[in-house]
**Q** 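What follows is a single structure, and I will ask about it in a moment.
Bear in mind that the values here come from a model prediction, so they are computed numbers and not experimental data.
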Amino acid sequence: MDGLVGSTFIVAVFLLAGNAVHFDGAGGPQFSPAQLSGTSPSTREGLARWAATPHGREIVRWFEGPEYVIDVTEDGGEEGMGRAPQPGIATLIAATDHARRKTYELVLNPRFFRMPEGMTPLPNQISTPADMMAAAWAGEMLHIYFYARGVSLPHHDRVDFQSEWRAVAGELGMPMLTHDDQDERAPGRARVILLRRPRYAIR
């Protein structure tokens, strides 16, 4: 990334509930009445938490301007907490054409979080819907950041992707959270974050 931590945000490229998301001078998202009534609180809190991290600020600032649009939708039927479908080949090829507007899709499922009855959350892992959405924003926007640089799937085995992921997961307070992929064999889908249970030695 380009060392943009601490920059002042003006307007982001996210379309949420059909409206652009604006950020204040401190980098906090400001939601419209349509966004407040038409989206989940955990989706909005997740965006705010991710955008407040150093890596979140860098990515939002990197996408700022008329060149990019990130169309964000909520889908309670999504199989995971979120996905960022790979754009078409023409969009990937146009990564260096800064005069061309490029649109990326981000799908989030704020209903995906379920804490099994009687289970205690592991330390430094997802324990609330807002935790889950913050992680989903971070992971899927990292995919979109790679798409916008012309990098197609698969991403998860890349050293730079994993380095960025570990950094932002730590900034979110979830350093043990993994983002790898056993499903990228399905073309066009970036399947997301897998929560691993710790293995205990049998004595």
Side-chain angles (χ1 to χ4, degrees), residues 1-78 80-88 90-112 129-151 164 168 171-172 188 190 192:
M1 297 184 190
D2 298 325
L4 296 171
V5 175
S7 298
T8 300
F9 298 175
I10 299 172
V11 61
V13 296
F14 303 111
L15 289 181
L16 185 62
N19 293 174
V21 177
H22 293 258
F23 289 80
D24 61 23
Q30 304 299 297
F31 298 107
S32 70
Q35 291 164 341
L36 291 172
S37 64
T39 62
S40 167
S42 60
T43 294
R44 300 192 302 272
E45 184 176 345
L47 171 58
R49 285 177 54 182
W50 167 68
T53 66
H55 278 74
R57 287 196 295 271
E58 286 190 50
I59 285 184
V60 173
R61 184 66 178 86
W62 195 89
F63 279 105
E64 189 177 69
E67 183 178 346
Y68 304 105
V69 174
I70 299 168
D71 192 5
V72 184
T73 59
E74 292 184 343
D75 182 358
E78 179 61 34
M81 63 181 74
R83 62 186 173 97
Q86 179 168 287
T91 300
L92 289 171
I93 291 173
T96 58
D97 182 356
H98 301 299
R100 177 172 173 175
R101 198 175 202 194
K102 293 169 277 288
T103 299
Y104 305 95
E105 182 183 358
L106 172 57
V107 182
L108 299 171
N109 181 2
R111 300 180 182 178
F112 184 74
D131 288 343
M132 179 192 69
M133 285 290 94
W137 277 100
E140 300 314 318
M141 282 305 302
L142 190 53
H143 280 291
I144 292 174
Y145 173 69
F146 274 73
Y147 296 150
R149 292 160 55 210
V151 182
E164 296 290 347
V168 72
E171 291 165 0
L172 288 170
V192 302

**Q** For Tyr147 and Ala84, work out which heavy atoms get closest and say how close.
**A** OH-O, 2.8 Å
**Q** With respect to Val72, which candidate in Leu108, Leu15, Val21 satisfies the side-chain contact (heavy atoms from CB on, under 4.5 Å) definition?
**A** Leu108
**Q** Over all heavy atoms of both residues, which pair between Val60 and Phe14 is shortest? Give the atoms and the distance, please.
**A** CG2-CE1, 4.0 Å
**Q** What heavy-atom pair brings Gly27 and Phe23 nearest, and what distance separates the two atoms?
**A** O-CD2, 3.1 Å
**Q** If the test is side-chain hydrogen bond (donor to acceptor under 3.5 Å, both in side chains), which one of Glu140, Glu78, His143 qualifies with Arg83?
**A** Glu78
**Q** Are the side chain of Thr91 and the backbone N or O of Pro87 linked by a donor-acceptor pair below 3.5 Å?
**A** no
**Q** Have Glu74 and Thr39 got a donor and an acceptor in their side chains that come within less than 3.5 Å?
**A** no
**Q** Is any side-chain N of the basic residue among Arg61 and Glu58 closer than 4.0 Å to the acidic one's carboxylate O?
**A** no
**Q** Applying side chain to side chain donor-acceptor pair (under 3.5 Å) as the test, list every pair that has at least one member in residues 99-111; sequence neighbours left out.
**A** Glu67-Lys102
**Q** Might you point out which heavy atoms bring Ser42 and Pro110 nearest each other, and give the distance in Å?
**A** OG-CB, 3.4 Å
**Q** Restricting to side-chain hydrogen bond (donor to acceptor under 3.5 Å, both in side chains), what partner residues turn up for Thr53, sequence neighbours left out?
**A** none
**Q** We want to know whether Asn19 and Gln35 form a side-chain donor-acceptor pair, criterion being a heavy-atom distance below 3.5 angstrom.
**A** no
